[in-house]
Amino acid sequence: MSRQKISRAALRHLSSQSHSWQTAAQKHEQIRSLFSESSPQFKTLSRSVVLNDQALRMLCALNDFDRRKVAEELLGVAQYPNQVEADTGRKNWFQRLLRTKYPFKGYHYKIRYAVEENKQVIVNDILFDKNLLGPHPEQVSLERNALYRVDKKGTTRFTPDYEELGDDSRRVVQALEESWQTARPAPTHRVETRYAAVNGMQNPLQKAAWLMGTHLEVAHPEADIGDYTLFHNPTDGGSEDLFECLYDKYLMPARSHNAHHFAAVLHEAQRRGHRTHWVAHSQGAIIFSRGVSLAQKKYGGSLNCHSVSLHGVGCNLANVRRACTLAGITIQQERNNPFDLVPNIAGMNNLSRSGLARSLKFKGLVFGEDSLASPHTLPYLGLETYIHQLEFTGNNEMAEYARKHRPESEV
């Protein structure tokens, strides 16, 4: 969160009406639910903060997770109004897991405000701090858990005719990357598009942008997807991301910031009646499953405006099916490669002797750099297409193994 002071004259010119925190809480349930009237936080904000129309509208429009984070920053402004630039450095990565601690020293919204002579803080606007959002390819740990709108800029799609995209794996993947706007996805405070996605492990923003667009197009081959909303699950590296998966699946009742944020995103879209078709890939399926359960527990009610396609899931399918059924969410498809250790072992969906053997045989390709050869990274288009991908990438021995050890469901 950064802060920007404006002059009193400019403030008076911009504002048509102002609201004390107490008045805003009386009129708007979104504000009222943040702090109880008897709490020290409510009293501090009521005494020191006035919201102009634009700031109040923005605060009410945010999902519950973002609104609470911004309210915490407003409390900081009320207490220390002359600290113009908040410290936004990265904290320990583990704090991304903790519900009550954010992994950065400030949130990714900018507060524009003025301080009156009586030391009252007049908040004129709340907007994205674009210096903090967006890709950070040189230090991906600085990327934020946030929503982005990603635009389609080409016509390339991933189909069984992928060879037309290039004569080797690198060119095929490059063609898929260049079909999406990855350089600077646009931050957004809520889902406005028909299609949306949650990415998996070790996906910096630029990779997640094209990869999840590719997964959405495979999930909806009949659709002309011109843009979609990415719920970006940032990466802190392989071991840290893996620990986050385990944390969300097994360890503690309080889930990660990703899961709490996603629950609020689902609830906000449902409240508006906005229909959204999601794809959840890998760790994204864990976040989706936990987010659905958290939304049910915290907000109650149906989430039937949402549907989902599950790709290369890192969670147990029985668990996510149960969560979706209870919430009224339609699962449109499940697309998992039988040689992929993520759904088989990590998701505990196939721990049979043959399932373990297939998974361990292909683990090198899962963790390798070739997305086309991996049974996990790109969408699964069927076993025959995947065998062809192995041959195309020079993995002829693995292709022959896949032919001989195909599961009965693929025969």
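- Remark: Tyr299 pairs with His267 by the ring-ring contact (aromatic ring centres under 6.0 Å, His included) rule, at least two apart or across chains.
- When the side-chain hydrogen bond (donor to acceptor under 3.5 Å, both in side chains) test is applied to His281, no partner is found at least two apart in sequence or on another chain.
- Applying the salt bridge (Lys or Arg N to Asp or Glu O under 4.0 Å) test to every pair with at least one member in residues 310-326, sequence neighbours left out, gives these pairs: Arg321-Glu334.
- Defined by atom type and a distance below 3.5 Å, a donor-acceptor pair is present between the side-chain atoms of Arg57 and Gln54.
- Ring pair Phe35/Trp21 is tilted by interplanar angle, where 30° to 60° counts as tilted.
- Side-chain N or O atoms of His306 include one that pairs as donor or acceptor with a backbone N or O of Leu266 at under 3.5 Å.
- The aromatic ring centroids of Tyr228 and Trp180 lie less than 6.0 Å from each other.
- Judged as a salt bridge (Lys or Arg N to Asp or Glu O under 4.0 Å), the pairs with a partner in residues 348-365 (not counting sequence neighbours) are, in order, Lys361-Glu397.
- Listed by chain and residue number, Asp151 satisfy the side-chain hydrogen bond (donor to acceptor under 3.5 Å, both in side chains) test with Arg149 (two or more places apart in sequence, or in another chain).
- Take Asp161 and apply the side-chain hydrogen bond (donor to acceptor under 3.5 Å, both in side chains) test, not counting sequence neighbours, and it matches no residue.
- Annotation: Lys27, atom NZ; neighbour count of heavy atoms from other residues, nucleotides and ligands within 6.0 Å does not exceed 12.
- Inspection of the Gln283 and Asn199 side chains reveals no N or O donor paired with an N or O acceptor under 3.5 Å.
- For Arg335, the salt bridge (Lys or Arg N to Asp or Glu O under 4.0 Å) test picks out no residue, with sequence neighbours left out.
- For Phe262, the ring-ring contact (aromatic ring centres under 6.0 Å, His included) partners two or more places apart in sequence, or in a different chain, are Phe231, Trp278, Phe288.
- Between the side chain of Gln333 and the main chain of Ser309, no donor-acceptor pair closer than 3.5 Å is present.
- Partners of His405 under the ring-ring contact (aromatic ring centres under 6.0 Å, His included) rule, at least two apart in sequence or in another chain, are Tyr401.
- Between Glu268 and Arg272 a salt bridge is recorded (basic side-chain N to carboxylate O distance below 4.0 Å).
- The list of salt bridge (Lys or Arg N to Asp or Glu O under 4.0 Å) pairs with a residue in residues 194-209, not counting sequence neighbours, is empty.
- Not counting sequence neighbours, His189 has no partner by the ring-ring contact (aromatic ring centres under 6.0 Å, His included) test.
- No side-chain donor from either of His257 and Asn145 sits under 3.5 Å from a side-chain acceptor of the other.
- Every residue was checked against the side-chain hydrogen bond (donor to acceptor under 3.5 Å, both in side chains) condition with Asn316, not counting sequence neighbours, and none meets it.
- No side-chain donor-acceptor contact under 3.5 Å links Asp370 and Thr393.
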